[in-house]
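To start, the structure itself, in C-alpha cells.
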Amino acid sequence: MAPIPARESLTVEFKSDVESLPDSELVAAVICMANAEGGELYIGVENDGLATGLHARHMNIPGVVALIANRTTPSLSVRAEGLPVNGVTVACIHIPKSEAIISSSEGLIQRRRIQADGTPVCVPFYPFEFARRHSDLRRLDYSAIPMEGARTEDLDPMERQRLRTLIERYGGDSTLLGLSDEDLDGALGLVTRDGKRKIPTVAGMLTIGREQAIRTHLPTHELAVQELSGTQVRLNKFLRLPLLALFERVYEQYFMVRVVEEEVQTGLFRVPVPNYDGRAFREALVNALVHRDYTRLGAVHIRWKNDGLTLSNPGGFVEGVTLENLLITEPRPRNPLLADVMKRVGLAERTGRGVDLIFQGLLRYGRPAPDYGRSDVSTVVLRFSDAAADLRFLELIMEEERRTNAPMPIDALIALSQLQSSGRLTAASLASYLQKDEAGTRILLGRLLDAGLIEARGPARSREVTLSAAVYRRLGRAAEYIHQTAFDEIQQEQMVLQYVSQHGHISRGEAAELCRLSRDQSSRLLRRLASAGKLRLQNAGRGARYLPV
C-alpha cells in the first residue's frame, strides 16, 4: 500500500470527514479533479495530511462510488478503496482524467488548477474554456473551426503571395503552386463553407489574415521578442502579424542578425559553425507558433539572455506528450490543420519529428542538449545553451558521417554526448537519456562498439561503456581516458588485495563478482597480481585460488 502523499497537489486532494463531508462538497471535489488531470481524493485526511478517519456515513465505500456516479453528468466512474492509516480508515478515490466535461447533476462545473503559491484550488470552468479542454485532449482541432464573424475579405492577397514564395524557397508542396487562389485556400483548409458562404478558418486567419482582422478575431495571438542583459532590457517588441510574415520577421530581422559563425577545417572542407543553428531555431519557432494554445491569452516569447536563448508558448504539452517520451512519442499537434499548413509550406519538418532536428542542431556541435525542463502544465519552455561549440566533437561526427555516408542518428548523438560529459554509463542509465528500453539501447551500443566509438567494461549484466581511446585522442582528451582505465586497474587491484587480506584467498569467480569483471578479465587481473609478487597461486585449473604472499 502506497503511503498518503505528504501534501496536496494538482492531482492530490485531502478532505476532512470528522463532521461528515457534505455530498455536494465531495462531488464538487471529484468534478474539479476529473476536469483537470484526475488524481486521488483522500477522504478522512486533514489539510495538513493528518489522517483522522472516515465518518460513519462514508464507511460504505462502494456507496460513495455510487453517489459519485449518480450525482455527475455524464456519469463518472471512479475507483475507491479503504486504507488503514494509524488506526483509522480513510478512503482513497481514484479519479480518471475525463475526456468529457463533467458537471454535477445540479450544473456545477469546476476545474482544478495551481495558484501562484503552488497550492491547488478549484475554480469555475467557463464555457469559453471548453474548446481549450477539447483541444488538449485532441478531440477538437481548434485551428480548423470557422472564424465566427470573419469574411474572406479579411484574408490578405499579399500574404497569400508570401505563402507561394515560401513554398518555393523552402521546398514545400509544389503542387499547390499551380492552384488558383480559391483552390489554394480550399486545399490548405484556410477557408470552409457554411452553406453557400465561405468563412476563413482559424488556421486561415492566422496564416494569411490581415493584421487588423487578426487583432479583432484572434486577440490571443501575439509574439514577444526580448533581449535582456542582466536587468537591462535591450529589446522588447510585441508583434501580431500573420504567421508567415511573423516567421520571416523574427527569423531574418531578430534571429539571423544574432548568428555569428566561425569556420572549422575538416578534411578538404571548411564548415561554418554558428552560435545558434538556424534549422533548429526554425523548427523551435514553428513549433511554438503551431502548438500554442490559441484559446488562451498570452504571448509566445523569444528571449535572448546572458545564458542562452529561450522560447516559450502558452499551453503545456498536448495529451500524451511528456518530458519522458518527448523523443519517441508520435507527433501530436495541438492544432493539426495549422501544423499541416506549415508542413506543406515547407516551414516545418514533414515527418513531424522536428524535435529531432532541434536536438541535432545542438548536439552535433558538442553543445548541451536542448532543455525542456522548465515546462509545466500551462507552458512549454525550450532553452538553447549558448555554450561554445566543441569543434573536435563536430569533426568526429562529420568524419563518422562521411564514413557511413549518412547523418549521425539522433540516439547515437545523444549517447556520445552523454558519454562525453559523464565519462561512463550503463545501458540502463543511458536508456533514460534516450527514452528507450534497455534492449533498444543495447542494440545502439552494439553499433557504436562496432564503429569503434565506444568501449565496454565489465561483465554483461553490469557492463559500463565509455568513449573509446581513439575517440578520446581525436577529442584531444587522451589523458582522461588514461585516468579512467588506470584508476580502474589500481582500484581493482586494491579491492582484490583487501578481499584476500580479510578472507585469506580469492577465486576467479569471486574476483569477477567483486570488481564487476568478466571471468577472463578477472583471470588477467589475478595473474598480473601474482606476477608482481602481490599474490601467490594455489592449485591450478578450476580450483585455482590466490592467497597472500
Side-chain angles (χ1 to χ4, degrees), residues 9-11 37 114 118 135-136 138 223-226 228 250 255 275-294 296 298-335 339 342 347-349 351-387 409-418 420-422 425 429-436 441:
S9 66
L10 185 67
T11 57
E37 299 299 312
I114 297 295
S135 178
D136 287 344
R138 302 181 69 214
L223 181 140
V225 184
Q226 300 170 329
L228 309 176
V250 171
F255 174 73
N275 56 339
Y276 293 109
D277 182 71
R279 188 171 62 165
F281 175 79
R282 191 175 81 193
E283 286 293 336
L285 174 59
V286 171
N287 280 353
L289 294 172
V290 167
H291 301 305
R292 71 150 291 174
D293 183 353
Y294 282 99
R296 180 177 298 174
V300 172
H301 279 85
I302 302 171
R303 292 189 182 96
W304 277 271
K305 299 174 70 175
N306 294 341
D307 61 348
L309 168 63
T310 300
L311 294 90
S312 63
N313 60 270
F317 292 121
V318 297
E319 179 73 10
V321 178
T322 66
L323 289 173
E324 288 71 36
N325 67 9
L326 187 62
L327 287 166
I328 57 173
T329 190
E330 290 299 312
R332 302 182 183 192
R334 173 173 275 112
N335 301 295
M342 292 300 163
L347 296 183
E349 213 280 322
T351 65
R353 296 303 310 158
V355 171
D356 290 0
L357 294 179
I358 295 172
F359 272 76
Q360 185 184 60
L362 276 79
L363 294 178
R364 77 189 312 268
Y365 295 109
R367 295 189 173 103
D371 179 12
Y372 287 89
R374 301 178 192 175
S375 302
D376 55 32
V377 295
S378 61
T379 311
V380 173
V381 182
L382 168 60
R383 180 179 174 275
F384 289 78
S385 170
D386 66 348
I410 188 65
D411 54 0
L413 275 173
I414 294 172
L416 294 175
S417 176
Q418 287 298 329
Q420 183 181 212
S421 59
S422 302
L425 292 168
S429 57
L430 191 55
S432 64
Y433 292 111
L434 299 175
Q435 300 181 357
K436 288 187 171 187
T441 301

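The figures that follow rest on heavy atoms only: side chains count, while hydrogens, waters and symmetry mates do not. From a predicted model like this one, the values you see are computed outputs, not experimental measurements.
Of all heavy-atom pairs between S312 and V381, the closest is CB-CG2, 4.0 Å. Nearest heavy atom pair, residue V321 against residue L326, reads CG1-CD1, 3.9 Å. Among all heavy-atom pairs drawn from P368 and L362, the shortest one is O-CD2, 3.2 Å. Counting all heavy atoms, side chain and backbone alike, A224 lies closest to A299 at N-CB, 4.2 Å. The shortest heavy-atom contact between R296 and R292 is O-NH2, 2.6 Å. Across all non-hydrogen atoms, the minimal contact from Y433 to I414 is O-CG2, 4.1 Å.
Under the salt bridge (Lys or Arg N to Asp or Glu O under 4.0 Å) criterion, the residue pairs touching residues 298-309 are D307-R383, with sequence neighbours excluded.
Within the model, atoms CG of L347 and CG of N287 stand 11.5 Å from one another, a figure rounded to the nearest 0.5 Å. Note: L327 CG to D356 CG = 6.5 Å, rounded to the nearest 0.5 Å. Summarising the geometry, atom CD1 belonging to I410 is positioned 10.0 Å from atom CZ belonging to R364; distances are rounded to the nearest 0.5 Å.
Only one option out of L434, L425, L363 pairs with Q418 in a side chain to side chain contact (heavy atoms under 4.5 Å, CB included); it is L425.
Taking 4.5 Å as the limit, some side-chain heavy atom of I302 sits within range of a side-chain heavy atom of L309. Taking the side chain as every heavy atom from C-beta outward, T310 and L382 never approach each other to under 4.5 Å. Side-chain contact between F317 and L323: present, with at least one pair of heavy atoms (C-beta onward) separated by less than 4.5 Å.
Panel note: side chain Q360, backbone P409; no donor-acceptor pair is recorded below 3.5 Å. A donor-acceptor pair under 3.5 Å links the side-chain atoms of R334 to the main chain of H291, judged by distance alone. No side-chain donor-acceptor contact under 3.5 Å links T379 to the backbone of N313. Looking at D293, its side chain never comes within 3.5 Å of a backbone N or O of G316 through a donor-acceptor pair. With hydrogens and angles ignored, the 3.5 Å screen pairs a side-chain donor or acceptor of D277 with a backbone N or O of A280. In this structure, the side chain of R282 does not engage the main chain of A348 through any donor-acceptor pair within 3.5 Å. No side-chain donor-acceptor contact under 3.5 Å links Q226 to the backbone of H301.
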Stepwise side chain to side chain contact (heavy atoms under 4.5 Å, CB included) test for L413 and F359: CA-CA 9 Å; L413 275 173; F359 272 76; over 6 Å; no

Applying side chain to side chain contact (heavy atoms under 4.5 Å, CB included), run through L223 and V250 and close with a yes or a no. CA-CA 9 Å; L223 181 140; V250 171; 3.8 Å; yes

Does the pair Y365 and Y276 meet the rule for a side chain to side chain contact (heavy atoms under 4.5 Å, CB included), with working shown? CA-CA 10 Å; Y365 295 109; Y276 293 109; over 6 Å; no

Going through the distances and angles, do L10 and D376 end up as a side chain to side chain contact (heavy atoms under 4.5 Å, CB included)? CA-CA 12 Å; L10 185 67; D376 55 32; over 6 Å; no

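For F384, the ring-ring contact (aromatic ring centres under 6.0 Å, His included) criterion is met by no residue, not counting sequence neighbours.
Between F255 and F281, the ring-plane angle classifies as parallel under the 30° and 60° cut-offs.
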